[in-house]
Amino acid sequence: MCLIPTLALAQGEAWRLEDEFRFGGSSDLPLGSIDRLVAGPEGSIHVTGRGDVAIHVLGGDGRYVGTIGRGGDGPGEFRVSPEVGVSGDTLWALDRLLRRVSRFTLSGDFIDSRPIPWIVSHKGNSFQPASRLADGTLLMSEVVDSHWTDDDLSEGRKIHLLSTDGRDGGEVVTLDVSTFWLRMALAGDVMMATLQPWSTRDLLATSPWGDGFVVVTGRGADEPEGSYKLDWFDIEGRLTRSASIPFRAARLTRAAIGSFSDRLAGGLAPRMAVSVRDARRALSEVLYTPDYLPAVESMNRSLSMGAVWSCPAFTDG
């Protein structure tokens with residue numbers, strides 16, 4: 001999901017969308033669920049699929065041109081679906097698992113790769129690369145896991161800037177992740193943590209030009225109307241401007257809550273050696289179920305890993 005259409009509609013703007021072309025996985029294009037799309041010069045498009053370990057290239061007419069990279073640990077290879085971007089005549093690909101950024105020519109020739117140094121907080125928490133800016137600077141996101149205490153969550157997730165020479169530029173923003181996890185006490189003193197499906201934690205989005213990032217905060221109460229605050233930061237992490245965007249929330253249905261609870265309880269029960277009924281009861285005690293959904297939802301799992309989405313341009317409005 002992207003922030004812009006929701007926020008634009010909240011401002012009363014009318015958008016008209018027209019198909020340029022459609023494409024899907026086939027024997028010629030080995031692509032499943034689309035994860036990222038990045039436009040290159042002259043209308044070319046670089047596509048990655050969720051769970052895929054390659055970059056697929058489409059021409060300006062939507063036809064499949066070729067694939068860059070493959071699975072593996074060697075030069076030009078990936079262990080996970082890479083985060084990709086285009087800077088001038090260079091395609092870069094960020095592999096979070098291998099902790100490196102690889103560069104390719106737009107025609108797909110491998111140029112080089114750069115390892116990503118480790119950053120550890122004073123509490124011993126590690127940071128992982130979330131996204132890359134145009135000058136090579138990396139946004140590093142503090143890793144949140146089920147071992148975090150409620151106090152840790154209340155302090156938020158730290159975002160650091162890492163320069164191209166490996167220098168930690170320090171903390172630039174802190175994201176609210178207080179509703180990041182559901183903690184359930186199951187039978188036998190087993191603690192289980194899972195993502196809150198309609199969490200309203202802060203969001204972080206990179207600029208489509210790689211010249212900075214945007215933080216969306218101020219989630220509003222459990223009401224049909226509210227507002228979000230958008231803060232724009234430049235490539236060095238300096239706040240440049242802010243805006244407040246009103247929104248009208250959608251009602252969360254009881255059917256959606258019940259469906260989520262049933263699916264999660266059914267999946268937890270065999271893995272945690274508990275009954276479905278006990279899993280559902282534990283979940284009902286901790287599940288936050290607002291009457292209204294926020295204008296920007298955060299169910300996308302990529303957010304939980306990297307905390308960064310690449311979105312179309314934010315308008316000055």
Side-chain angles (χ1 to χ4, degrees), residues 35-42 44-48 53-55 57 68-69 73-121 126-143 157-175 203-215 231-240 302-303 305-314:
D35 197 10
R36 300 177 182 90
L37 293 169
V38 177
E42 301 179 356
S44 63
I45 299 176
H46 298 80
V47 187
T48 60
V53 286
I55 304 167
V57 184
I68 299 174
D73 300 338
E77 296 178 340
F78 309 109
R79 291 283 298 279
V80 294
S81 178
E83 174 108 9
V84 296
V86 175
S87 298
D89 58 357
T90 302
L91 171 71
W92 57 262
L94 166 63
D95 188 316
R96 295 190 181 93
L97 190 58
L98 290 177
R99 295 185 65 86
R100 70 184 182 193
V101 175
S102 298
R103 296 193 305 155
F104 301 83
T105 65
L106 294 180
S107 60
D109 295 325
F110 175 74
I111 300 175
D112 58 25
S113 63
R114 179 187 297 271
I116 300 169
W118 285 95
I119 298 178
V120 179
S121 72
S126 63
F127 285 73
Q128 66 181 2
S131 191
R132 180 184 183 273
L133 302 180
D135 69 342
T137 298
L138 285 171
L139 283 169
M140 303 292 291
S141 173
E142 190 174 14
V143 176
R157 165 187 269 180
K158 315 300 182 186
I159 304 296
H160 282 223
L161 288 179
L162 184 68
S163 66
T164 53
D165 59 5
R167 179 178 55 84
D168 179 12
E171 178 185 337
V172 289
V173 293
T174 300
L175 302 184
L203 304 181
L204 177 65
T206 53
S207 160
W209 305 283
D211 59 353
F213 55 94
V214 183
V215 175
D231 292 323
W232 281 262
F233 296 84
D234 64 17
I235 206 164
E236 296 180 355
R238 295 174 299 204
L239 179 66
T240 59
S302 65
L303 178 64
M305 297 300 295
V308 174
W309 284 348
S310 295
C311 288
F314 287 92

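These figures come from a predicted structure and were not determined experimentally.
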Considering only residues two or more places apart or on different chains, which pairs with a residue in residues 98-109 satisfy salt bridge (Lys or Arg N to Asp or Glu O under 4.0 Å)? Arg103-Asp112
With sequence neighbours left out, the residues meeting side-chain contact (heavy atoms from CB on, under 4.5 Å) with Arg79 are Asp73, Asp95, Leu97, Leu98
When Ser87, Ser113, Ser102, Pro82 are each screened for side chain to side chain contact (heavy atoms under 4.5 Å, CB included) with Trp92, the one that passes is Ser87
Do the charged groups of Glu83 and Arg132 touch, with an N to O distance under 4.0 Å? no
[X] vs [Y] side-chain heavy atoms within contact, under 4.5 Å:
X: Val172; Y: Phe233; result: no
X: Phe213; Y: Val173; result: yes
X: Ile116; Y: Leu94; result: yes
X: Leu161; Y: Leu139; result: yes
X: Ile159; Y: Ser141; result: yes
X: Ser121; Y: Lys158; result: no

Kindly assign one of parallel, tilted or perpendicular to the pair Phe104 and Phe110, based on the angle between their ring planes and the thresholds 30° and 60°. perpendicular
List for me each residue that meets ring pair (Phe, Tyr, Trp, His ring centres under 6.0 Å) alongside Phe78, sequence neighbours excluded, and say none if there are none. none
Could you check Leu138 against Val101 for side-chain contact (heavy atoms from CB on, under 4.5 Å), going step by step and ending with a plain yes or no? CA-CA 10 Å; Leu138 285 171; Val101 175; 4.2 Å; yes
Which atom names give the shortest non-hydrogen contact between Ile55 and Ala93, and what distance separates them? CD1-CB, 3.9 Å
